[in-house]
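Position 1 is the first residue of the sequence, and the numbers go up from there.
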Amino acid sequence: NYKPRRMDPRCGFFGMEYYDYASPIDAPLIQQFINRHRLEKKDPTAALSEAVEPIIYYLDRGAPEPIRSALLEGASWWNQAFEAAGYKDAFQVKMLPEGVDPMDVRYNLIQWVHRSTRGWSYGGGVFDPRTGEIIKGKVTLGSLRVRQDFLIAQGLLAPYKTGKPVSPEMKAMALARLRQLSAHEVGHTLGLTHNFAASTNNRASVMDYPHPYVSLNADGSFDFSKAYDDKIGVWDKQAILYGYQDFPKGTDEAAALNKIIQDGIAAGLSFISDRDARGAGGAHPQAHLWDNGSDAVQELKRLLALRAKGLAQFGEENIPVNTPMADLEEVLVPLYLAHRYQIEAVSKLIGGLDYSYANRGDGQKVVEMVPARQQLAAMEALVGTLAADQLAIPERILDLIPPKPMGRSRNRESFQSYTGLSFDPIGAAASIADKSIAFLLHPQRAARLVEQKARKEEMPGLEKLLDYLLEKTWKAPHPKAYHGEIARMVDQRVLQHLFKLANPKHSSQVQAIVWLKISDLKQWITTQTTRTTSVAMLAHFKFAEQLIEQFYEDPAAFKVKATLELPAGSPIGTEWHCGGKH
């Protein structure tokens with residue numbers, strides 16, 4: 001007697017589909033239904049009713065305290081959403097009874113799994129391919145993910161002060177993340193997909209990927225009290241209402257479901273999922289992973305200020321006494337790269353498109369270009385991350401990080417190095433600078449800039465972006481010594497990405513504009529070689545001239561030089577996400 005529920009691209013659920021060749025010619029051939037558990041009210045006419053059979057999830061008995069309590073609490077948040085849908089105690093979380101096999105299909109399971117490296121977590125399960133009914137929900141949580149948040153807090157707090165107790169805020173933030181993670185992955189097993197617009201909408205959903213929100217107190221200390229949310233979101237309640245509301249007999253279900261979606265739209269709730277949020281060439285100005293806030297540019301500036309504060313106080317008190325000093329490098333990584341995901345969020349404003357999964361007549365915005373002033377602000381902010389004073393790790397910190405001792409070696413959590421065993425600050429700077437440049441000069445973004453300029457003269461266009469980038473890098477006055485070496489590294493990375501953007505497989509007008517800018521840059525460089533008195537700058541200019549000549553000879557055969565890869569950042573560690581379908 002299970003009744004499938006129709007899939008709607010605006011509802012926030014995973015779906016299943018099949019071809020119905022018996023469909024009338026004026027009806028869709030593809031039938032789509034959402035994935036959801038069977039849930040019915042004892043009294044569908046009551047505003048609040050117990051369920052005929054509640055949805056019960058069971059927690060792996062192997063999860064230790066205090067992790068166990070955090071996972072139980074986070075998963076239990078979903079009862080808030082079911083209560084909003086008119087159910088009393090319809091969603092429950094219990095400990096797995098002794099002797100139960102975790103693979104037993106009768107038990108929805110939250111499993112705690114150990115791995116040798118940071119691993120991804122996911123929510124999936126078993127569902128009926130004919131109807132979409134979820135038979136068993138299965139959450140798998142990787143135990144090492146909690147250590148990433150602990151490390152972020154360790155890098156900010158410098159918590160190991162001699163003679164003072166270690167700050168409890170590190171563990172508190174890590175456990176807050178576990179509660180959110182538990183709720184997130186259980187959400188997938190209830191049928192929900194990601195909503196990556198929620199972080200720009202006042203944390204409207206636990207189905208986003210949250211970056212810890214750390215702020216500064218008036219006295220300059222770090223405030224971790226709002227690092228993660230502590231409840232289910234308003235979008236989650238709206239989605240559960242669509243998926244699990246039990247309508248009284250005689251209700252026009254299609255109309256009732258559409259009203260739920262329209263109510264969400266009227267309330268200002270946004271929904272954008274994976275395909276629109278992932279990828280370096282993304283265009284949606286609100287769809288990001290690991291970000292915060294409604295204004296991506298302002299959040300980048302705020303994060304850079306936090307990062308600067310953390311670097312200013314970074315030192316030996318960031319690691320425990322009797323720990324190898326070389327371990328400071330791994331603590332430095334998440335602090336130095338604190339803005340890595342906000343960079344991507346800002347990049348999506350450039351050549352950006354604000355759109356929704358609109359249906360005809362639902363009143364949502366269909367699609368419009370991100371305004372020129374926002375695009376220009378994003379260009380300025382993103383190019384600003386390439387400044388030498390932003391990229392330079394203070395020499396005071398460099399003097400504290402020796403090569404790794406016996407028994408320790410660099411790994412995926414470390415910076416890579418051009419300098420062998422020693423820590424390489426210019427290589428570290430190159431790895432994050434390259435990300436900013438790659439986002440700025442992504443071929444899809446470049447093509448959109450050309451298209452937008454052609455349609456609206458006031459849009460900045462690709463030429464404006466390239467001119468501004470070159471003015472702030474190659475053509476800007478270069479500092480001396482350590483900062484000067486970083487500035488020259490940035491110049492070279494910009495040039496390599498221009499070569500990459502001029503590849504024949506990209507838009508012809510993108511190629512044409514990039515070729516023009518490379519040609520102009522070569523002329524400028526040639527002029528500078530007769531004016532500079534610096535050996536370092538002369539070598540820099542002569543090398544660039546040679547590279548451009550090599551590129552001119554055979555662009556298709558020219559090998560663009562890669563730079564050092566960034567250390568692992570996303571706790572997932574794979575290209576795809578934690579959702580059950582992928």
Side-chain angles (χ1 to χ4, degrees), residues 1-42 44 51-58 78 81-82 85-87 90-92 100-111 122-140 185-195 207 236 238-258 260-261 271 273-275 357 359 576-582:
N1 296 318
Y2 175 81
K3 183 179 179 182
R5 181 151 292 179
R6 290 287 178 184
M7 175 67 180
D8 187 302
R10 305 166 296 171
C11 73
F13 274 78
F14 286 118
M16 47 78 64
E17 65 182 35
Y18 62 85
Y19 288 84
D20 181 3
Y21 292 98
S23 296
I25 195 169
D26 59 348
L29 186 65
I30 299 177
Q31 302 297 315
Q32 295 180 308
F33 301 106
I34 65 171
N35 297 132
R36 62 173 185 154
H37 288 273
R38 183 188 298 244
L39 189 67
E40 299 169 292
K41 286 182 176 181
K42 288 183 178 178
V52 174
E53 185 174 344
I55 301 170
I56 303 176
Y57 273 68
Y58 295 90
W78 281 106
F82 284 95
Y87 289 95
F91 183 85
Q92 302 173 19
V100 171
D101 190 319
M103 297 297 287
D104 191 322
V105 76
R106 296 170 295 178
Y107 293 84
N108 301 305
L109 184 69
I110 303 170
Q111 191 170 17
Y122 72 87
V126 180
F127 67 90
D128 187 330
R130 303 164 299 177
T131 64
E133 180 185 2
I134 296 172
I135 308 301
K136 174 187 175 73
K138 174 68 180 296
V139 172
T140 300
E185 301 303 347
V186 168
H188 282 314
T189 70
L190 294 173
L192 297 179
T193 184
H194 290 127
N195 182 359
M207 302 312 297
D236 306 317
Q238 195 76 11
I240 289 297
L241 197 62
Y242 182 94
Y244 288 92
Q245 179 65 278
D246 191 11
F247 300 107
K249 288 183 179 180
T251 300
D252 183 339
E253 183 169 305
L257 291 173
N258 189 62
I260 291 172
I261 289 177
F271 169 56
S273 198
D274 290 82
R275 185 184 63 180
Y357 303 145
N359 279 9
W576 276 103
H577 72 308
C578 59
K581 287 194 71 176
H582 296 273

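- Within the model, atoms SG of Cys11 and CG of Asn258 stand 11.5 Å from one another, a figure rounded to the nearest 0.5 Å.
- The aromatic rings of Phe82 and Tyr244 stand perpendicular to each other, their planes meeting at an angle above 60°, with 30° marking the opposite boundary.
- Between the CZ atom of Arg5 and the CD atom of Glu253 there is a distance of 4.5 Å, given to the nearest 0.5 Å.
- Put simply, CE on Met207 and CG on Asn195 are 9.0 Å apart, with the number rounded to the nearest 0.5 Å.
- Remark: Asp8 pairs with Arg10 by the side-chain hydrogen bond (donor to acceptor under 3.5 Å, both in side chains) rule, at least two apart or across chains.
- Ring planes of Tyr57 and His37: perpendicular class, angle over 60° (limits at 30 and 60°).
- For the side-chain hydrogen bond (donor to acceptor under 3.5 Å, both in side chains) test, residues two or more places apart in sequence or in another chain that qualify with Tyr357 are Asp276.
- Scanning all heavy atoms of the two residues, the minimum distance from Asp236 to Ala81 falls at O-CB, 4.3 Å.
- With sequence neighbours excluded, no residue satisfies side-chain hydrogen bond (donor to acceptor under 3.5 Å, both in side chains) with Tyr18.
- Applying the side-chain hydrogen bond (donor to acceptor under 3.5 Å, both in side chains) test to Asp128 and every residue at least two apart in sequence or in another chain returns Arg130.
- Lys136 places a side-chain N or O within donor-acceptor distance of the main-chain N or O of Asp104, the cut-off being under 3.5 Å.
- For the pair Ile34 and Gly243, the tightest heavy-atom approach, listed with the atom from each and the gap, is CD1-CA, 3.7 Å.
- The shortest heavy-atom contact between Asp274 and Thr193 is OD1-OG1, 3.7 Å.
- What you find for Ala256 and Thr251 is that their closest heavy atoms are CB-CG2, 4.0 Å.
- A donor-acceptor contact shorter than 3.5 Å is absent between the side chain of Thr189 and the backbone of Gly123.
- Asp20 places no side-chain N or O within donor-acceptor distance of the main-chain N or O of Gln31, the cut-off being under 3.5 Å.
- Residues satisfying the ring pair (Phe, Tyr, Trp, His ring centres under 6.0 Å) test with Tyr107, not counting sequence neighbours, are Tyr58.
- Rounded to the nearest 0.5 angstrom, Glu17 CD and Ile30 CD1 are separated by 5.0 Å.
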Before giving the answer on side chain to side chain contact (heavy atoms under 4.5 Å, CB included), spell out for Thr140 and Glu185 the whole-Å C-alpha distance, their side-chain angles and the decisive distance to 0.1 Å.
-> CA-CA 8 Å; Thr140 300; Glu185 301 303 347; over 6 Å; no
Query raised in the report: Between Tyr2 and Arg36, does a side chain to side chain contact (heavy atoms under 4.5 Å, CB included) hold up when you go through it step by step?
Result: CA-CA 11 Å; Tyr2 175 81; Arg36 62 173 185 154; 3.1 Å; yes
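- Within the 4.5 Å cutoff, no side-chain heavy atoms of Phe91 are placed close to those of Ile240.
- The residue from Phe13, Phe14, Tyr122 that alone fulfils the ring-ring contact (aromatic ring centres under 6.0 Å, His included) condition with His188 is Phe14.
- In this view, Tyr242 satisfies the ring pair (Phe, Tyr, Trp, His ring centres under 6.0 Å) rule with no residue, not counting sequence neighbours.
- Looking at every heavy atom in both residues, Tyr87 comes nearest to Gln245 through OH-C, 4.2 Å.
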Could you go step by step and tell me if Met16 and Asn35 meet the side chain to side chain contact (heavy atoms under 4.5 Å, CB included) rule? CA-CA 7 Å; Met16 47 78 64; Asn35 297 132; 3.7 Å; yes
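- Atom CG in Asp252 sits 9.5 Å away from atom CZ in Phe247 (nearest 0.5 Å).
- A distance of 9.5 Å separates CG in Leu39 from CD in Glu53, rounded to the nearest 0.5 Å.
- Shown here for Leu109 and Pro102, the closest heavy-atom pair between the two residues is CD2-CB, 3.4 Å.
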Worked check of side chain to side chain contact (heavy atoms under 4.5 Å, CB included) between Ile261 and Phe271: CA-CA 11 Å; Ile261 289 177; Phe271 169 56; over 6 Å; no
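- Considering Asn108, Val139, Ile55 as possible partners of Val186, the one that fulfils the side chain to side chain contact (heavy atoms under 4.5 Å, CB included) test is Val139.
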